[in-house]
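To keep things clear, I will list the structure first and then write my remarks on it.
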Amino acid sequence: MFKSVRSKLFISFLLTTLLVVLAMALFMRSSLDRGFNHFIEHRQKEHITSLVDSLSEYYALNQSWDMLANNKSQWANMLWQNNPHFPKHPPPWLTQHPTNEPANAWPPQLPDPHNNRRIKPLELSVMLLRADHSIIFGRAELVGQLKLYAIPYQGQNVGYLGVLPGLPITQLIELEFIEQQSQAFLWLVFIAILLSAGLALLLAYALGRPLKRITAAAKALAIGQYDIRLAIESKDELGQLARDFNDMAAALAQAEQTRKRWVADISHELRTPLALLRGELEALQDGIRPLSRDAVDSLLADVMRLYRLTEDLYQLSLSDQGTLSYRKTEIDPLLLLQDDLTSLMPEFTKKQLRVRFNPRLSTPVLIYADPDRLSQLFRNLLTNSINYTEAGGELQIDIYQQHSQLIIVFNDSEPGVSADDMAHLFDRFYRVETSRNRHLGGAGLGLAICQNIIHAHNGKIWATPSPLNGLAIYLELPINL
């Protein structure tokens, strides 16, 4: 029904404030009624006591009710004069009586609304009965509802003052006070509703405005406007939402740039070996180059570079999607590293690279890992040292334990890596300028794959300058204790 956030906020705030106002109004009215009723009951008791005493004195003076009977004016004056809070002159409804009623009929049937009031003056709620319950002033049809108060004289009951049920009041001003308070409560509720509506509208606008901006920004972000940002105007949850939105927009912008760079890098990496293959095949086809073993070996080398690139991309995509399989078991990583180093030792010898293997462990350690993936990690790092370290250099592998972590450090000699390049070594397709020879270096995916493998083993990998003036790669793997 309500589609906009502002409408929902407005209705929510309005209903909340209305409930609070109505609850307060009902509580105040209930409290006023209870207090006023208590006050009226106390007044009524005083008035009834005074009236009973006055009637007892009247009977003592006249020794009967004969002079009072049928004298409605004297009865009305006696009622009014015994009101402890009466004004000087009785109201017309007390002194003017219908002529078509019996002389002893009381209370009178008044043409005004007094007889229909829930709260009536005490003068319209009393009757006078003799000791035998015969009526002096009253109405026979209402006698059964009376609460009787005995009128004593010399130890005997000479009559009864009967009071009709209800909440009688002692003077008209009290009735007017109740009516004024009722009207005041109604006006209070009406004004409170208007104020609540205004406040709810203001709050809905104040809270809905930033939400509307966020909605518009989200729509712009959905169509690719990643440069959009929200102004942070507060430190509350809406301000935090704006900050989170800006962070998300920045992350999406970076992801979009990375995607574009990926497409450009992949197309470049694929285009180069394909161009070489095409050129060599066209040379063979045109007879410019003879179909010899060297030509086939060259073609195979280009195909293998394409294969390695596509295999690296495939492995990296599986790792990103979390579908790269890992069969972990308890293994000794030193034995695995030694096997990989032994397998690649001819390559190190061919390039005249010295290898120093320095395990500094008092006892063998075990880690929970996939031996194939860990071997892939080790071989990638060893191959990088073979490809990028200058001939005649060296590789130093240090292994030691630090608390519950196994640390493996690959330190190689020159060339080194600048600080700017160091921060991007694990980025995909990133290579420093000195290693862009595709006959030596790869496509720049090896360290990215290493990073995914080490993270899958709950480890860490980072790079620093090597004390041998080359590059140092640190591996940190948790040990099974």
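Keep in mind the model is a prediction, meaning the values are calculated, not measured.
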- prompt: Do the non-hydrogen side-chain atoms of Arg293 and Asp297 ever get within less than 4.5 Å of each other?
  reply: yes
- prompt: Taking all non-hydrogen atoms of both residues, which atom of Pro346 and which atom of Thr342 are closest, and how far apart?
  reply: CD-O, 3.8 Å
- prompt: Between Asn380 and Leu377, is any pair of side-chain heavy atoms under 4.5 Å apart?
  reply: no
- prompt: Do Gln376 and Asp372 get their side chains close enough for a donor-acceptor pair, meaning under 3.5 Å?
  reply: no
- request: Report yes or no: does Arg229 contribute a side-chain atom to a donor-acceptor pair with the main-chain N or O of Tyr226 at less than 3.5 Å?
  value: yes
- prompt: In Å and rounded to the nearest 0.5 Å, what is the CD to CG distance from Glu330 to Leu366?
  reply: 5.5 Å
task: Measure the SG-CZ distance between Cys450 and Arg373 for me, rounded to the nearest 0.5 Å.
output: 12.0 Å
- prompt: Given Leu221 and Met248, is the side-chain contact (heavy atoms from CB on, under 4.5 Å) satisfied, shown in steps?
  reply: CA-CA 10 Å; Leu221 195 64; Met248 180 183 66; 3.5 Å; yes
message: Could you tell me if the side chain of Leu361 sits less than 4.5 Å from the side chain of Gln401, heavy atoms only?
response: yes
- request: Answer yes or no: is there a donor N or O on one side and an acceptor on the other, between the side chain of Asp286 and the main chain of Ile288, under 3.5 Å?
  value: no
task: Supply the atom-to-atom distance Ile331 CD1 to Tyr368 OH, rounded to the nearest 0.5 angstrom.
output: 11.0 Å
message: For a quick test of reading the model, state the closest non-hydrogen atom pair linking Phe357 to Leu334 and the distance between them.
response: CZ-O, 4.5 Å
- prompt: Given side chains that start at C-beta, do those of Ile399 and Ile407 come closer than 4.5 Å, heavy atoms only?
  reply: no
- prompt: From Glu347 CD over to Ser385 OG, what is the distance, rounded to the nearest 0.5 angstrom?
  reply: 13.0 Å
- request: Please report the shortest heavy-atom distance between Glu394 and Leu468, naming the atom on each side.
  value: CG-CD1, 3.9 Å
query: Hey, does Pro478 have a side-chain heavy atom less than 4.5 Å from the side chain of Gln405?
result: yes
message: Under the criterion side-chain contact (heavy atoms from CB on, under 4.5 Å), I'd like the reasoning laid out for Leu164 against Val126: C-alpha separation, chi angles, the key distance, then a yes or no.
response: CA-CA 6 Å; Leu164 291 171; Val126 297; over 6 Å; no
Atom of Ala472, atom of Pro465 and distance for their closest heavy-atom approach: CB-O, 4.1 Å
field: Residue list, salt bridge (charged side-chain N to carboxylate O under 4.0 Å, His left out) with Arg243, at least two apart or on another chain
entry: none
query: Side chains of Phe348 and Leu341: closer than 4.5 Å at any heavy-atom pair?
result: yes
4.5 Å side-chain heavy-atom contact, Gln451 and Ile453: no
message: How close do Ala242 and Ala231 get, counting heavy atoms only, and between which atoms?
response: CB-O, 4.3 Å
Any donor-acceptor N/O pair, Lys460 side chain to Ile454 backbone, under 3.5 Å: no
query: Are the side chain of Asp412 and the backbone of Leu471 linked by a donor-acceptor contact shorter than 3.5 Å?
result: yes
- prompt: What distance separates Ile461 CD1 from Phe410 CZ, expressed to the nearest 0.5 Å?
  reply: 9.0 Å
task: Assess the side chains of Asn469 and Ser413: does a donor N or O sit below 3.5 Å from an acceptor N or O?
output: no
task: Would you check if the side chain of Asp370 reaches a backbone N or O of Arg327 as a donor-acceptor pair within less than 3.5 Å?
output: yes
query: So among Leu382, Asn384, Asn411, which one has a side chain to side chain contact (heavy atoms under 4.5 Å, CB included) with Leu395?
result: Leu382
query: Is Ser50 reaching over with its side chain to a backbone N or O of Glu46, donor-acceptor style, under 3.5 angstrom?
result: no
- request: Kindly say whether Pro371 contributes a backbone atom to a donor-acceptor pair with the side chain of Ser375 at under 3.5 angstrom?
  value: no
Side-chain donor or acceptor of Lys328 paired with backbone N/O of Ile367 under 3.5 Å: no
query: Hey, which of Ile408, Asp340, Leu337, Ile473 is the one that makes side chain to side chain contact (heavy atoms under 4.5 Å, CB included) with Leu381?
result: Ile473
- prompt: Going from CZ on Phe245 to CD on Gln240, what distance comes out if it is rounded to the nearest 0.5 angstrom?
  reply: 14.0 Å
query: When you measure from the side chain of Lys147 to the backbone N and O of Pro165, does any donor-acceptor pair fall under 3.5 Å?
result: no
Selection residues 456-480 - residue pairs positive for ring-ring contact (aromatic ring centres under 6.0 Å, His included), sequence neighbours left out: Tyr326-His457, Trp462-Tyr474
message: What I'd like to find out is whether the side chain of Ile397 reaches to under 4.5 Å of the side chain of Asn358, using heavy atoms alone.
response: no
- prompt: Is any NZ, NE, NH1 or NH2 atom of the basic residue among Glu282 and Arg278 found under 4.0 Å from an Asp or Glu carboxylate oxygen of the other?
  reply: yes
task: Locate the shortest heavy-atom distance separating Pro333 from Val365; write the atom from each residue and the value.
output: CD-O, 3.6 Å
message: Just checking Lys219: does its NZ atom have more than 12 heavy atoms from other residues, nucleotides or ligands closer to it than 6.0 angstrom?
response: no
message: Assess, by modelled atom type and distance only, whether the side chains of Gln396 and Asp398 contain a donor and an acceptor separated by less than 3.5 Å.
response: yes
